[in-house]
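A quick write-up on the structure given underneath.
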Amino acid sequence: MSELAQGLQLSVLGILITFASLGLLVLIMIVLRELFSAPERSVSTGPGKEAQVDQVSDREAVRKRVAGIAVSIAYANMHRKHGDSNLGHLLESPPGRYWRDSRHA
Amino acid sequence: MKDEHQSLITELEEARQKIAKGGGQKRIDAQHTKGKQTARERILQLLDEDSFREVDAYWTHRHSDFGMDEKRYPGDSVVVGFGKIDSRMVCVYAQDFTVLGGSFSEVHGQKVAKILDLAMDSGVPVIGLMDSVGARIQEGVYSLAAFSELFWRNTQASGVVPQISVMLGPCAGGSVYSPGLTDFVIMAEGTSHMFITGPKVIETVTREKVDLESLGGAAVHSSVSGVAHFAAKSEAEALAITRRLIGYLPSNNAEPPPRISLEDDPRRQDAALNTLVPTDPAEAYDMRIAIGMIFDRGSFMPVHENFAPNALVGFARLHGQGVAVIANQPMVMAGVLDIDVSDKIARFIRFSDAFNFPIISLIDTPGFMPGVKQEHGGIIRHGAKIVYAYSEATVPKLAVITRKAYGGAYIVMSSKYIRTDMVFAWPTAEIAVMGADGAVNILYSKQLKDVQNPDEVKQEFVVEYEEKFSKPYSAAASGHVDDIIAPSETRPRLIAALELLRDKKVSSPAKKHGNIPL
């Protein structure tokens, strides 16, 4: 395979992965939106002051939700960086044959 | 059931009732009056409910001199058997003071020897509950021979199964050597005493006047002589300490220490550790705080707590794994190494190595104690025990230098080259031949004599020296420590290192045995 073809192949693969990830994120957002949808509120009939207040509070709620998700993701990332989730796992089972054999040497 | 069968059962029940009475109700009452329990009551308190199985309860002595033919009690002066502590098997013997003062007879010795043999064959710990006036004089050399058998077995069992002596009454003369040979001695305050010769003999021979408590009580043996590893306020507390201690110990030398269920996060990092060590090297801090934050919460069980308190030794757990902790204590004499602390550390290392405890050392010591008393007392011989014990140990060995690691003390306290598997240093670590002040006095003595302002010049030299040695980076750059870690990282780093070393195997050169400088 020529270098050009290989490069193209990798580029296409990269684009596919990127779009697939984006699609996945969109899906997650839709699911989250469904799970945490704002309570129904009365829709004002006219373009009066009440409708404007509703729009502002709606934007604020979305902002808060986004901030909450961001904090959760940041916390999860931090935990992944600093904590070995398997730390101490090997101490939970008794020493293996390598140790046992040395006892009878 | 036929009448004949019923009478046989009745006879057995009557015999059992007689055995349970030991030396009789009168003597049991006398024992209670002294605030002491009987041998059987103690055993029942020590072991899990309904787990005790007595053996040799009918065995009586066969001597008739000095009217002994009229003083025969089934089981003689000791109750032996086996049972469970926290569902783990132990062998136990309890001297029965209600039978001829718990005196050590030929049969007494044979019964104890038998339970020790069973313990060694089965690989289970042995616990002796001591309360005896000593050798049974009426039996003469038979009693002494029985003692010899016991001491020989104590020695054979050493390093094979854990042996614990709980002192709940008098223990004098030759009989003290049995507890002296065991791994742990627990004494009850007020009721237990240990000595080779009593106050009267001492006064006759040396004209020294001393009372029973000051000579061989729990307080003196747990803080001055180091004979006792634990001092308990009461019999009940002594037995509770025994139960707790057994919880840390493996049943024999072929088993790892028992694990317990996990209640503490292995990744826990206490930020307070980062500020525990003062930046001023002359300022003290409590190493117990570091131990509490590094190991599983509440798991540290100090051994020899009141003896040589300039070092702490004891058992703890890391992610549920039993470990031996050895730590200098900067709060007491700056954590200096002296004769007593050398003995304390070396003995604990040897026990830990024999019973598969990984050894974790926390180091902050300015060196060995200077002084004529120490030198004439043999600090060279005693200090050598530490380096011998560390070098000989083949279990996983980890060290954390928290601050000072100077000179010979750096070498003996689990340094890398006596085969410590991993040496960590906190940023506060100072690894040098000696402290800055002393080193400058030696290195620049001539220059300091010739200058007009020696104090100012000396201060400059001190700063220069400290720059080089008061931080661990130069030691790490030359491989003398494996890593420099933030104090708060100590716990996860030790756990990770223990994981690596879980199956550690080391081969030693063939020999009959080494020759530790005793």
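Within 6.0 Å of the CG atom in B:N515, the count of heavy atoms belonging to other residues, nucleotides or ligands does not exceed 12. Within a 6.0 Å radius of OH in B:Y417, more than 12 heavy atoms belonging to other residues, nucleotides or ligands are found. Within a 6.0 Å sphere centred on NZ of B:K471, other residues, nucleotides and ligands contribute 12 heavy atoms or fewer. Within 6.0 Å of CZ on B:R419 lie no more than 12 heavy atoms contributed by other residues, nucleotides or ligands. Counting non-hydrogen atoms of other residues, nucleotides and ligands closer than 6.0 Å to NZ of B:K504 gives a total above 12.
Going from atom CG of A:L90 over to atom CD1 of B:I495 covers 12.0 Å, rounded to the nearest 0.5 Å. With rounding to the nearest 0.5 angstrom, the CZ atom of A:R97 is 12.0 Å from the CG atom of B:D503.
Residue contact with chain A, scored on non-hydrogen atoms closer than 4.5 Å, is absent for B:L500. Heavy-atom distances place both the backbone and the side chain of B:R502 under 4.5 Å from chain A.
Between A:L87 and B:E499, the shortest heavy-atom contact is CD1-OE1, 3.8 Å. The two residues A:E92 and B:H319 have their closest heavy-atom pair at OE2-NE2, 2.7 Å. Minimum interatomic distance between A:W99 and B:N356 (heavy atoms only, all atoms of both residues): CZ2-CG, 3.6 Å.
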